[in-house]
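Working notes, beginning with the structure itself.
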2 protein chains.
Amino acid sequence: MVNIEKNTELTILNAAKKVFHRKGFDGARMQEIADEAGLNKALLHYYFRSKEKLFQAVFEHAFSEVFSKINDVFHSDFTLASKIEVLVSYYISFLSENSYVPWFIVNCIYEKPESLKHFMETNNFAPVSVLQMIAKQLKEEYNIEIDPMQVYMHVLSLCIFPVIAKPMLQHVFGMDSIQMNNFYDQRKKIVPTFIANAFNGYKK
Amino acid sequence: MVNIEKNTELTILNAAKKVFHRKGFDGARMQEIADEAGLNKALLHYYFRSKEKLFQAVFEHAFSEVFSKINDVFHSDFTLASKIEVLVSYYISFLSENSYVPWFIVNCIYEKPESLKHFMETNNFAPVSVLQMIAKQLKEEYNIEIDPMQVYMHVLSLCIFPVIAKPMLQHVFGMDSIQMNNFYDQRKKIVPTFIANAFNGYKK
DNA sequence: GTCTATACGGCGATAGAC
DNA sequence: GTCTATCGCCGTATAGAC
């Protein structure tokens, strides 16, 4: 592999990202990361003391990439339906092109829950305000009073699960890559419509 | 641990189930399974030749437990809304009490896709007929014509993802076990209502 | 900073006594 | 069938030359 990056540290980090995303923590090998980076195994330990530390760096990057978007969108100034439309569209695009990311995050949380705890402590991430925002808009725009956490879960589920299940769709239903792309592309319209229809259903 | 089971093979299988579900394939240790079973490591190899074979046995059990229910319900004789209500209620109960199962299955599919392939080949599992059934009922009962795979994914997503995300809910929102139980219990009503509302929304 | 060589431990698997 | 002891490999981490 050609070393395009300016410095070695970044080369290692990018290689580690690829390998951890493919294999998870236990499955990844320092040797494989070294090969991917076109460097020597000893260098990984020179820059990041241990496999653990290297993993932590990769995890935090992936986690904030996914979760910062939610905060941004929900604290903007649009209707709930618009916010959901933007969020769903963004997620389905981003995640279906990086389909290892949601698996990676979920996998981390089961394999190494300390990673998430560490992330939560260092970045002071405040997801509760998102819930308050949802509750407020549900009440004002639809006159619905249900646990905003439930709605939050509906939205995340409909975006994230189908991406996690990608390999299952391939193997169980034999979908090829063109069918997959169509499927995710259609979902960008279908999911916001589905949610909006559901909200309107409560009104009557 | 007390050996309650009749035969050793079953003792090992149950221990293996617990450990694989906790740690995944790479994370699990044959020693840990032996300890969990209250038996010796060598015995695992006596009954199941290798770690691989033992894993395969555990995987197939978990996978068929989850997927056979879908087939049963969708080939029954009720309205689509009723089917979904039954399925959602069953899944949320079963999965929230066995929250490692969905993670385990997803994890397997990323870590060892051959496992799924092997399962599909030995049990001739036909999920396409479920899709045809959904399409038929959507048309007849709601006059909706959308890709049934999309609807199928909506249902699975809303059931399975919140269970996969359980550890995230605990760590990010600090929910305790009582709050979690309430949350999943409420979902049994909220999700079928949500879906039914959405379907009715297409009518107008 | 980057490399080669190697120490050290852990884990899957097997041999062999009972 | 069940156990103890041990082999042999592989993977993380480090020592040390350049």
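Residue numbers start from 1 in every chain, and the chains themselves are labelled A, B, ... in the order their sequence lines are given, proteins ahead of strands. This one's a predicted model, so the numbers in the text were calculated from it and none came from an experiment.
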Starting at the 5' end of nucleotides 2-18 of chain C, put B wherever the base has a protein heavy atom under 4.0 Å, S where only the sugar-phosphate does, and a dash everywhere else. BBB------SBBBB---
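- The salt bridge (charged side-chain N to carboxylate O under 4.0 Å, His left out) test applied to B:Arg22 returns B:Glu32, B:Glu36, not counting sequence neighbours.
- Counting only residues at least two apart or on different chains, no side chain to side chain donor-acceptor pair (under 3.5 Å) pair has a member in residues 61-72 of chain A.
- A donor-acceptor pair shorter than 3.5 Å can be found between the side chains of A:Ser129 and A:His75.
- Heavy atoms only, all atoms of each residue included: A:His154 and B:Val191 are closest at CE1-CG2, 3.9 Å.
- The heavy-atom pair separating B:Pro113 from B:Tyr110 by the smallest distance is CD-O, 3.9 Å.
- In the region residues 53-62 of chain B, proximity to DNA chain C at under 4.0 angstrom, judged on heavy atoms, holds for none of the residues.
- Taking atom CZ of B:Phe48 as the reference point, atom P of D:dG1 lies 13 Å away to the nearest angstrom.
- Sorted by first then second residue, the salt bridge (Lys or Arg N to Asp or Glu O under 4.0 Å) pairs that include residues 41-54 of chain B, not counting sequence neighbours, are B:Glu52-B:Lys112.
- The closest side-chain heavy-atom distance from B:Glu111 to A:Lys23 is not below 4.5 Å.
- Residue pairs meeting the salt bridge (Lys or Arg N to Asp or Glu O under 4.0 Å) criterion with at least one member in residues 161-187 of chain A, sequence neighbours excluded, are A:Asp185-A:Lys188.
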